[in-house]
Amino acid sequence: MTDSAIVSPRTSFQTSRVGVLPYALTIFLSAALIFLVQPMFAKMVLPILGGAPSVWNVTLVCFQAALLLGYLYAHLLSRLASLRLQIIIHAIVVIMAASVLPLGLTGMLGDPDPHRPALWLSAAFALSIAPPFTALSATAPLIQSWYSRSGRPDAADPYYLYGASNIGSIIGLVAYPVLLEPLMSLSGQSFVWSSAYVLVGAALIACGWLAFNTGRHAGPNHTAGTVEDCPAPNWRERLTWLTLAFVPSSLLVGATTHITTDVAAGPFLWAPPLIAYIGSFIIVFSKAGPRATRWAVSVAPYVTAALLLFLCHNLFAAPLLPMLLLNITMVLVAGLVCHGTLAARRPSTAHLTEFYLIMSLGGVIGGAFNALLAPVLFNDVVEYPLVLLALLVLLPGTRGTWQRKDLAIATLSVLAVLAALAVTSATDRSGAIGALYILLVMPIVMMLISKDHRYLPTFAGALAYFGSGIVSAQHTPTLATERGFFGVVSVDEVDGLRRMIHGTTVHGAQYTDEVGRPTPLMYYHPDTPIGQAYAAFADKPRTGAVGLGVGASACLLSPNQSVTFFEIDPVVVRTAQNTDWFTFLSQCAPEAPIVLGDGRLTLMQASPASLDLLLIDAFSSDVVPTHLLTREAMRGYVSRLSDDGVLIFHISNRYMDLEPVLARIAEAEGLVMRAQRFQPDHAGDGLSILPTHAVVLARATSDLAALDTDARWRHVQSDGGRPWTDDYINMLGVLLAHQK
């Protein structure tokens, strides 16, 4: 007599009536929690690490590593023959992981080391978030494994449950910047998440018990195959899985870095690329998956070509919205191509957990390559275009054989780049710019013409990208480039100016032929609001500056003034102190101390009322770190000022108007505020002085009397909006308001 012949009426009812809903709902809720906690944790550590965009990249790798650990745990646990034992063990793990709740940033590590911030961040994640996150990460593969043993008619193919996981992930990602971040404090978010963890943990164990009760009486027709029934995939197949997971993960980090470098580091820009990445999983594991994959394969060369044009060393400027959409589209297309190919090659359920384990490992390696390895290997951010070009090699249906027309296309691409180099050498940039653009676009055109070839499009695209770099360097010689955790710092020369560039933004410049005391230029020129403020308050002897740049503000000081700089990036300090490049510090403040670390934290180590004037001028590329723009931060600044001290904020930004943000904080803290938007007439070279937006704050109106006689400075009142705090920052609202 078979097992199916002795099924009790009650068990038969359970098997037929208890559907997939409990399993799908638990996977959905678990995934939502996983992707709610990612931006939440990143927001917790962002202020401590200077608001740098790389915080999210390293955080993402930490989460991917914890996800991998969860998948490994699920894989090993599913090897146990006893489902009952699996459930008991996992219940113990879920309970033990709850020991770190409610979520919060550990204080065991102290302040981060500016020389090794990634190590501190990884350790903080391991101690603060990793236990419950890892326990939840095992949910999707574990429940699918349990479901395959549940006795359900569709138990042999539970992969469709992966869709519930990815839908939950997307909802969690959307909910954080749209609902949780604008409406709830970090402490409130932590309480809600911790409470939900307890509920999901209980639901997870209940699902295991349900699968055990229904599956133990099911017949062989309702049970998934065993490892012995299904041969294991070979190592070539496993390597293919790994590669297909690596590429979209790397492109996800590359795209996120690209779009946050000049806008802001925050959940509203972290989430969209990750939503596109997760969304590709939903699509490819659905019925529409094969059709979507074919579409992505057909459009991938065109999207890659368009993005490559924008990446060609900023020869082609892109407005904010098209740039965002193009990068996010690239992540989606890459995900559909690679994840769609993965879905088509998925093994039987006997090897389900191994499949997810290897896929997760590829994701970790892809993220780690961008966030941890690339900054060591490359002085510039070249990993994004490199992996972008590697995607073209993975497109299915392409041919690897070389025909006569392929050689002709390769030759034309090389000749186009050589012609561009020749034109650049023969003329100045302004006279040859049109010809250069046309010549450098030709390899991109050749890339599209040869899109059916496996390697030729990558070759042509690489010629366009690296050729544009050589062309750019011929007219703007790069003297030095150094890459660190906080970004890429380079020094170049253009039109008689030596410039320091952080990311894509110029952070200071000096005339190459100037002898003696250098003239502050760009945002620090004496005519700008910053220069005006220093002149108006020249009688305030003790000054400080959060943000060093090239040290130009030191040359705005009067003889009776001293300065202390607060700078988080060691690379910036080394660049500013190198007298072969810049002499602001050596000529104007050779004895000025430079305190290394996050400006807000290190400033609090100074004595109260120890400064008479404080400049807040901390940027990462074009990003103003938001933790410097909260009520708590403002209280800290004011506490270090003397009774009649003055605070200057530099808030120039291409994408956001931060003046209302500071006005709300000023009103809440009882401060007075003046503001100026400065536009130079550009009668000179147009580079030595730039448009500048700055505000000045003080405790009393009388403290700003020196500015009130100047009509260029406006009185500013709050619009009545909610001021930012360490618990509440609504960057999305500020960005949208500026786009109107």
Side-chain angles (χ1 to χ4, degrees), residues 20 24 27-28 31 34-35 64 67-68 71 139-141 143-144 147-148 154 156-174 233 237-253 255 272-304 328-349 351-367 387-388 390-398:
V20 72
I27 289 178
F28 168 85
I34 285 173
F35 283 89
Q64 288 175 319
L67 188 69
L68 173 64
Y71 281 10
T139 300
I143 281 192
Q144 289 180 64
Y147 189 77
S148 71
D154 56 353
D157 187 18
Y159 280 100
Y160 69 91
L161 287 172
Y162 198 56
S165 172
N166 291 310
I167 292 172
S169 303
I170 286 183
I171 289 180
L173 282 170
V174 173
E237 182 68 8
R238 290 174 173 135
L239 183 60
T240 301
W241 294 347
L242 194 73
T243 304
L244 290 170
F246 168 92
V247 168
S249 176
S250 174
L251 290 178
L252 165 65
V253 178
L274 192 51
I275 290 171
Y277 176 81
I278 298 298
S280 69
F281 281 109
I282 297 176
I283 296 170
V284 301
F285 281 98
S286 70
K287 291 182 179 180
R291 186 167 65 252
T293 301
R294 289 193 296 271
W295 170 83
V297 170
S298 66
V299 303
Y302 299 97
V303 179
T304 303
I328 294 168
T329 301
M330 187 70 252
V331 174
L332 176 63
V333 169
L336 291 175
V337 170
C338 296
H339 297 152
T341 308
L342 271 172
R345 303 175 77 119
R346 64 186 185 268
S348 69
T349 54
H351 302 285
L352 178 147
T353 54
E354 180 187 8
F355 174 69
Y356 285 134
L357 178 64
I358 294 176
M359 190 166 64
S360 178
L361 178 61
V364 172
I365 296 174
V387 179
L388 193 66
L391 173 68
L392 299 177
V393 179
L394 297 178
L395 294 180
T398 54

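Quick note: numbers below take in every heavy atom, side chains included, and nothing from hydrogens, waters or symmetry partners. In what follows, residues are counted from 1 in the order of the sequence shown.
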Closest heavy-atom pair, Leu251 versus Leu388, reported as atoms and distance to 0.1 Å, is CD2-N, 3.6 Å
Taking only residues two or more places apart in sequence or in another chain, which ones pass side-chain contact (heavy atoms from CB on, under 4.5 Å) with Ile328? Pro272, Pro273, Ala276
Qualifying salt bridge (Lys or Arg N to Asp or Glu O under 4.0 Å) pairs, either residue in residues 272-284, two or more places apart: none
Answer whether the closest heavy-atom distance between the side chains of Leu342 and Val284 falls below 4.5 Å. no
On a heavy-atom basis, which atom in Ala255 and which in Val331 lie closest, and how many Å separate them? CB-CG2, 3.6 Å
Going through the distances and angles, do Leu394 and Thr341 end up as a side chain to side chain contact (heavy atoms under 4.5 Å, CB included)? CA-CA 10 Å; Leu394 297 178; Thr341 308; over 6 Å; no
Under the ring pair (Phe, Tyr, Trp, His ring centres under 6.0 Å) rule, collect the residues that match up with Tyr277, sequence neighbours excluded. Phe281, His339
One should read off an interatomic distance between Ile170 CD1 and Ile278 CD1, to the nearest 0.5 angstrom, of 7.0 Å
Just jot down the side-chain contact (heavy atoms from CB on, under 4.5 Å) partners of Ala390, sequence neighbours excluded, or say none. none
Of all residues at least two apart in sequence or in a different chain, which pass the side-chain hydrogen bond (donor to acceptor under 3.5 Å, both in side chains) check with Thr304? none
To the nearest 0.5 Å, atom CD of Glu237 lies from atom CZ of Phe355 at 9.0 Å
Side-chain atoms of residues 357-366: list all donor-acceptor pairs with protein atoms under 3.5 Å, sequence neighbours left out, distances to 0.1 Å.
residue, atom, partner, partner atom, Å
Ser360, OG, Leu68, N, 3.3

Quick check: closest heavy atoms across Ala292 and Ile283, and the distance to 0.1 Å? CB-CG2, 3.4 Å
Say you draw a straight line from CD1 of Ile282 to CG of Leu336; how long is it, rounded to the nearest 0.5 Å? 11.0 Å
Nearest-0.5 Å distance that lies between atom CE in Met330 and atom CG in Leu252: 12.5 Å
Which pair of heavy atoms, one from Thr293 and one from Val337, lies closest together, and at what distance? CG2-O, 4.2 Å
Ignoring hydrogens, what is the shortest heavy-atom contact between Trp241 and Arg345? Give both atom names and the distance. NE1-O, 3.7 Å
Considering all heavy atoms of both residues, which atom of Ser249 and which atom of Gly367 are nearest to each other, and what is their separation? OG-N, 3.3 Å
